[in-house]
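Below, all heavy atoms of this structure are taken into account, side chains as well, without hydrogens, waters or symmetry copies. Note that ligands are numbered from 1 as they come in the structure, with each ligand's atoms numbered from 1 the same way.
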Amino acid sequence: MKVTVLGSQGAIPKVGLFSTSLLLNVCNSNILIDCCEGVQHQLRKNKIKFSKIEIILISHAHGDHYFGLIGLISTLSLLKRDKKLTVFCPLSVFKIIQAHLKYSKMSLSYQLDLKVLNNDSKINIFNNIHFSIDAFPLKHSIYTNGFLIREKEKKRKLILKKALDKNINKIYFNKLTKRENVINDKGVEINYLDVTKEGDRPKSFAYCSDTAYFEELIKNIQGVDLLYCETTFLKKDKDKASLTLHSTTIDAARLAKKGKVKQLLIGHFSSRYDDYNDFISEVVTIFKNVVISEEGKKIEV
Ligand SMILES: [Zn+2]
Ligand SMILES: [Zn+2]
């Protein structure tokens with residue numbers, strides 16, 4: 001799993017900085033999480049092929065999270081995409097995209113599979129053999145979802161010497177890593193556990209933007225390897241955070257600590273601040289393993 005930060009800011013971008021968007025690569029699939037204005041430039045700059053994006057997740061209908069979506073949908077058609085694109089979004093964003101397609105009389109070169117999110121508790125929205133995606137409600141001024149992406153159990157690793165010693169034909173090696181017993185050259189059944197070892201641990205990533213802190217959120221991000229949580233405000237502006245239903249540094253740090261996550265990524269900074277070291281200084285008083293969103297930063301999970 002790898003996260004690339006495409007935008008680090010809240011609603012108002014600054015020169016060279018963009019509103020919130022992340023690109024998650026999981027098991028060789030690219031998932032775009034929120035789609036800020038200028039996202040196409042950021043994808044180009046980070047050498048991410050548009051054609052490789054398979055899924056887009058839109059958290060809510062505030063412009064800093066989806067203003068880049070219509071542009072990207074249009075460009076993909078101009079590039080003659082023929083592969084399906086799946087977009088999960090709230091009903092409001094669904095209607096805006098439909099209206100644009102209608103009034104621009106645009107017929108797309110590919111199938112745009114728009115899936116409306118209207119869950120009021122955590123639900124599974126996507127599954128394949130490699131990973132799953134869950135959506136869960138956040139606490140914001142309009143209907144908003146967070147997302148949890150989890151890798152599935154990985155293949156076991158073959159212990160080659162043991163497999164050869166047991167006279168197993170190499171055509172069965174793949175089966176063994178998929179937890180299947182096989183028959184060796186002498187007609188004896190070999191248990192996969194005898195010639196393989198545990199594969200890499202499945203990784204997980206949770207995304208929470210935008211949201212105020214609330215206790216029920218903890219169970220939805222429990223134990224993830226990387227948590228993205230917005231920190232629009234420093235703690236001195238906690239009244240503004242309460243008013244606008246955003247998080248402060250202290251909220252995000254508390255969520256990471258109580259959720260026992262392994263690493264915290266913070267972003268969605270208000271344009272009123274210039275020194276981002278202040279964000280780190282405040283978070284580490286509660287949760288140590290924190291990294292800050294910066295355009296182009298890549299985080300291996
Ligand atoms: Zn926002
Ligand atoms: Zn918002």
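Using cut-offs of 30° and 60° on the angle between ring planes, the pair Y276 and F269 is tilted. Between H60 and H65, the ring-plane angle classifies as tilted under the 30° and 60° cut-offs.
The closest side-chain donor-acceptor pair between T211 and E230, if any, does not fall under 3.5 angstrom.
Of all protein N, O or S atoms, those under 2.8 Å from the Zn ion (ligand 2) number 4.
With F233 as the aromatic partner, R272 does not meet the cation-pi criteria of under 6.0 angstrom to the ring centre and within 45 degrees of the ring axis.
S293 contributes a side-chain N or O that, together with a main-chain N or O of I266, makes up a donor-acceptor pair within less than 3.5 Å.
A salt bridge is defined here as a Lys NZ or Arg NE, NH1 or NH2 lying under 4.0 Å from an Asp or Glu carboxylate O, and R156 with E198 meets this definition.
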